[in-house]
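In this text, all values refer to a predicted model and were calculated from it rather than measured experimentally. Read the numbers this way: they start at 1 and go in the same order the structure lists the ligands and their atoms. When a residue number appears, it is its place in the shown sequence, counting from 1.
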Amino acid sequence: MAHGVPRGQGVPGGAWGLDGVETAFRATLDRGAGPTLAILCEYDALPGIVHACGHNVIAAAGAGAGAALAGVRDRLPPGRIEVIGTPAEEGGGGKVKLIRGGVFERVDCAMMIHGFDRTLLHQDLLGIVPTTFEWRGKAAHASADPWEGVNALDACVQTFNAISMLRQQMRPDCRVHGIIVDGGAAANIIPGRASATFYARAPRIDTMWELQRRVVACAEGAARATGATLTVVQGDTVYEPLKRNQTLLDLFAANMATVGLAEGAPIPDRLGSSDVGNVSQVIPTIQPMIGIAPTGMAIHTREFAAAAVEPLARTGMLAAAKTMALTVVDLLADPGWLRAAQAEFGRR
Ligand SMILES: [Zn+2]
Ligand SMILES: [Zn+2]
């Protein structure tokens, strides 16, 4: 839809193609001087399993909240509402680019919802630092002259072993996982080059960088042990943890009750990541989880993609849209809520 649409056209009162992201959009409802509140829409999908993360529901709920507010625009208190389309969450870091482009500089707080197998007011999101290691050794014939070689794959395997030991010393809400990207060309050649990519995840920015430091140390130790040289390339797109804002969550919870949305059983160890975390580190932000699939169904599965277009998903989507619209009205009507949210943001 976005391709070929010139900047500044295609959305009434808004624009396609925000700074840094061609397929982002912003639709603005301007009621004059007052706070600027953002509702975020995700609308990307997963390769092969499409809307297995329910982003179709996220986008429609955000657009629905915006449409509901537009329907009563003449009766809204002063302020500005921006529905911001933020694509490329599944790995592309769309919101990271939008933050760098300055899209959130004029926004006071943001909210979005995410589809899940149950409704939860808040679910932690882990930050992610992606890191790629490349070890360089010396290729040699694996049978005729193995002693002439420096085995870069050994350094890679040693790194996996060291990280496996590190895992015992990690906090239970941290994660490290990786893959071998290059493990050599043939079994009869001592690999002169090997490469692996790891993600270090943690629920706080400081613990995330500390974990990353320890993962790099594992690769450095393995390089030293094997005689390989190591190059460390940190991924460009770091997803930051979700910074909780209880003030906005309390307001959202009151409106959930109004529309009849009840919370499910907490599931605190089921932890993912999202670039909405980066937004939450810049301005007060919430991302409640909304039940759009049967309880117990995992996201990123074909079953979840099928559920995301069923009546249950539609019910969740409509309830989420109403709750976000009501929360925006409350924030506009009583500026004390936003001041409290911003004060809390500064304290955490
Ligand atoms: Zn996802
Ligand atoms: Zn998602």
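- Within a 6.0 Å radius of NZ in Lys322, other residues, nucleotides and ligands contribute 12 heavy atoms or fewer.
- Considering CE of Met208 and CG of Leu126, their distance stands at 10.5 Å, rounded to 0.5 Å.
- Distance CD1/Ile39 to CD1/Ile58: 14.0 Å, rounded to 0.5 Å.
- The Zn ion (ligand 1) has an N, O or S atom of Glu90 closer than 2.8 Å.
- The CE atom of Met111 sits 10.5 Å away from the CG atom of Asn245 when rounded to the nearest 0.5 Å.
- Here the Zn ion (ligand 1) is the vertex; the SG atom in Cys53 and the NE2 atom in His300 give an angle of 100° (to 10°).
- For His114, the N, O or S atom closest to the Zn ion (ligand 2) goes by the atom name NE2.
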